[in-house]
Amino acid sequence: MKPPWNCSSLRDLAREYAAKSHGAAGKVGNLSLGVMVARIHEILSTGKLSKLEHFENDEKVKTVSLFGEVWGIGPVTALKLYENGHHTLDDLKQDDSLSTAQKIGLKYFDDIKKRIPRHEVKDMEMLLQKAGQELLPGMIIVCGGSYRRGKASCGDLDIVITHPDGERELRRRIDLKVYPRDRYAFGLIAWTGNDVLNRSAAGMQQHHISHLDPMLSGPSEANAFLE
DNA sequence: GCGCGGTTGAG
DNA sequence: CTCAAC
DNA sequence: GCGC
């Protein structure tokens, strides 16, 4: 397959770039124009660069990249995990040194990777807007990101919130405690208080249900200022 | 010679 | 402080 | 390449 432009025009572009970047004569970085043109040509005609094939097929590179796809695991941790002898996502599941976020990211790896259909994002946006209006009339809630750019599906929801009176609002502190139904009783006791009762309820929970799944059964708390 | 985005939050 | 998400 |  031939690219729609010829090598001489590429060469001109490369020269121009090289001139701007104050590189050595006839070079871009440490690549000669010839090599650069050849590589661009290969990418345009085959869609990839054979020089990089080695990397894509390397077991370590593949595994570390895979680990890096887990929400909560970045480049540093991905590499560490690999060097600690982990080679699959199932290996990672055995590792209890993972952070809370990483455990969640791993557990819901497949879920999180799934794209969200546009209509579903629209539904969720409307739901939030409705809840927002009821909470504080005049609230403006908009879903941004790829949804706002008109994409047919989205990786997540990016929500932006404002209010006309936002600047003058008196700030109140709010604590949200969300419990699964089967632990609601503990939560109610704990967060009615006083602090002594809070501690005993926490103890009861720990003693009776600490074996339950922390994501599905654990209380989640949000401690926030309304801003 | 090094970092190259800045901010926020978890741990 | 490091690491990660956004 | 630029600022530290």
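Note that the structure is a prediction, hence the values are computed from the model and not measured. In what follows, chains carry the letters A, B, and so on, assigned in the order in which the sequence lines appear, proteins first and then strands, with residues in each chain numbered from 1.
Checking Ser50(A) against Glu53(A) by side-chain atom types alone, no donor-acceptor pair falls below 3.5 Å.
A distance of 12.0 Å separates CD of Glu69(A) from CG of Leu106(A), quoted to the nearest 0.5 Å. Taking OG1 of Thr77(A) as the start and CG of Leu98(A) as the end, the distance is 9.0 Å to the nearest 0.5 Å.
The pair Lys60(A)-Glu83(A) counts as a salt bridge, with a side-chain nitrogen and a carboxylate oxygen less than 4.0 angstrom apart. In summary, Asp90(A) and Lys93(A) engage in a salt bridge, as defined by a charged side-chain N under 4.0 Å from a carboxylate O.
Across the C1' atoms, dC6(C) and dC2(B) are found 26 Å apart, a figure rounded to whole Å. dG3(B) and dT2(C) are spaced 12 Å apart, taking the P atom of each and rounding to whole Å. Across the P atoms, dT7(B) and dC2(D) are found 25 Å apart, a figure rounded to whole Å.
Residue Thr100(A) places none of its side-chain N or O atoms closer than 4.0 Å to OP1 or OP2 of dA10(B).
The ring of Phe67(A) has its center no closer than 6.0 angstrom to the ring center of His86(A).
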Close N/O contacts between protein and nucleotides 1-6 of chain C (under 3.5 Å):
residue: dC3(C); atom: O3'; partner: Thr77(A); partner atom: OG1; Å: 3.1
residue: dA4(C); atom: OP1; partner: Gly74(A); partner atom: N; Å: 2.7
residue: dA4(C); atom: OP1; partner: Gly74(A); partner atom: O; Å: 3.0
residue: dA4(C); atom: OP1; partner: Thr77(A); partner atom: N; Å: 2.8
residue: dA4(C); atom: OP1; partner: Thr77(A); partner atom: OG1; Å: 2.4
residue: dA4(C); atom: OP2; partner: Val76(A); partner atom: N; Å: 3.3
residue: dA4(C); atom: O5'; partner: Gly74(A); partner atom: N; Å: 3.2
residue: dA5(C); atom: OP1; partner: Gly72(A); partner atom: N; Å: 2.7
residue: dA5(C); atom: O3'; partner: Trp71(A); partner atom: NE1; Å: 3.3
residue: dC6(C); atom: OP1; partner: Trp71(A); partner atom: NE1; Å: 3.4

